[in-house]
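Here the structure comes first, spelled out in structure tokens, and everything after it is commentary.
As a basis for the values below, the full set of heavy atoms in this structure was taken, side chains included, without hydrogen atoms, waters or symmetry mates. Bear in mind the structure is a predicted one, so any value in this text is a computation, not a measurement.
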Amino acid sequence: MDSKIRTGIYGGSFNPIHNGHIAIADKILSLAGLDEVWFVVSPHNPLKQADGLLDDSKRLHMTRVALKGHARLAASDCEFALPRPSYMWNTLRHLSQEWPERVFTLLIGADNWMVFDRWAHHEDIIANYDIAIYPREGCTIDTAQLPPNVRLMDTGLYNVSSTMVRDMIKRGEDVSALIPTSIVAMAEQWYR
């Protein structure tokens with residue numbers, strides 16, 4: 001029996017983290033048989049524009065505060081010290097070297113899986129790591145075409161996005177149902 005700690009890697013800008021992110025991680029914990037999920041706060045996603053991206057340390061702080069009380073979820077700043085832009089292959093290799101007692105599973109949305117062939121070293125990621133895909137609205141995944149170590153998880157759909165949260169804050173609308181209450185005041189201050 002493998003005694004390694006099964007750790008999910010959930011990368012993103014978390015600009016800001018919202019309840020959908022946390023609910024997805026909670027579901028994948030059990031569906032994929034993981035011991036924990038690390039929210040890897042990315043300094044810059046190569047496939048996204050950096051415009052409107054809140055300072056790295058503020059996004060990391062909000063993510064840490066939001067995850068307090070979730071014993072098996074943690075925020076990670078491991079990409080902050082890695083070369084930029086952040087490529088998940090570099091992150092996974094770095095983590096595997098730093099934490100040899102862990103086995104890592106990549107958590108990605110169906111939207112990202114649909115452009116996975118554009119990711120740096122995507123073949124290497126598939127060859128070396130399990131991947132858990134969560135559904136996204138408007139993204140259909142043919143599970144019969146997935147590699148054996150890539151699985152679509154039945155997490156349900158969460159129709160909330162960080163962009164929606166930021167836009168609502170800018171309009172002065174209440175976001176307390178969309179993000180953890182512990183970060184509402186921070187988010188309102190930083191995104192207004």
Minimum heavy-atom distance between Trp89 and Ala120, given as atom pair plus value: CB-O, 3.8 Å
Arg6 bridged to Asp35 by N-O distance under 4.0 Å: no
Where Gly156 and Pro135 come nearest, the two heavy atoms and their spacing: O-CG, 3.9 Å
Smallest separation among heavy atoms of Ile17 and Pro180, with atom names: O-CD, 4.4 Å
Close side-chain approach of His61 and Met186, heavy atoms under 4.5 Å: yes
Side chain to side chain donor-acceptor pair (under 3.5 Å) partners of His121, counting only residues at least two apart: Asp124
Side chain to side chain donor-acceptor pair (under 3.5 Å) partner of Tyr158, the single match among Arg136, Glu137, Lys27: Lys27
Stepwise side chain to side chain contact (heavy atoms under 4.5 Å, CB included) check, Leu107 with Ile131: CA-CA 6 Å; Leu107 280 54; Ile131 301 175; over 6 Å; no
Note, Tyr134 side chain near Leu152 side chain (heavy atom, < 4.5 Å): no
More than 12 heavy atoms of other groups within 6.0 Å of Glu101 CD: yes
Check: Leu82 main-chain N/O paired with Asn90 side-chain donor or acceptor under 3.5 Å: no
Beyond-backbone contact of Leu54 with Pro16, side-chain heavy atoms, under 4.5 angstrom: no
pair Thr7-Val37: side-chain heavy atoms closer than 4.5 Å: no
Within 6.0 angstrom of Asp154 CG, more than 12 heavy atoms from elsewhere: no
Any donor-acceptor N/O pair, Asn149 side chain to Ile126 backbone, under 3.5 Å: yes
Non-neighbouring partners of Glu173 that pass side chain to side chain donor-acceptor pair (under 3.5 Å), sequence neighbours left out: Arg171
Mutual orientation of the aromatic rings belonging to Phe14 and Phe39 [parallel < 30°, tilted 30-60°, perpendicular > 60°]: tilted
Salt bridge Arg59-Asp77, side-chain N to carboxylate O under 4.0 Å: no
From CG (Leu31) to CG (Asp26), nearest 0.5 Å: 11.0 Å
Polar side-chain atom of Asn15 near backbone of Ser162 as donor-acceptor pair, under 3.5 Å: no
Side chain proximity check, Val150 to Ile133, heavy atoms < 4.5 angstrom: yes
CD1 on Ile9 to CD1 on Ile125, rounded to 0.5 Å: 12.0 Å
Audit row: Leu53, Ser13, side chain to side chain contact (heavy atoms under 4.5 Å, CB included) steps and yes/no: CA-CA 8 Å; Leu53 191 63; Ser13 54; 3.7 Å; yes
Arg151 side chain vs Leu146 backbone, donor-acceptor pair below 3.5 Å: no
Any Asp130 side-chain heavy atom under 4.5 Å of Leu106 side chain: no
Taking every non-hydrogen atom, the tightest pair across Leu34 and Gly8: CD1-CA, 3.7 Å
Heavy-atom closest pair, residues Arg102 and Phe104: CB-CZ, 3.8 Å
Heavy-atom donor-acceptor pair, His18 side chain to His21 backbone, under 3.5 Å: yes
Verdict with supporting geometry, Tyr191 and Lys58, side-chain hydrogen bond (donor to acceptor under 3.5 Å, both in side chains): CA-CA 11 Å; Tyr191 290 108; Lys58 288 180 177 177; over 6 Å; no
Audit row: Trp38, Trp99, ring pair (Phe, Tyr, Trp, His ring centres under 6.0 Å) steps and yes/no: CA-CA 13 Å; Trp38 292 357; Trp99 304 92; 5.4 Å; yes
Exercise: do Thr163 and Arg166 side chains pair donor with acceptor under 3.5 Å: yes
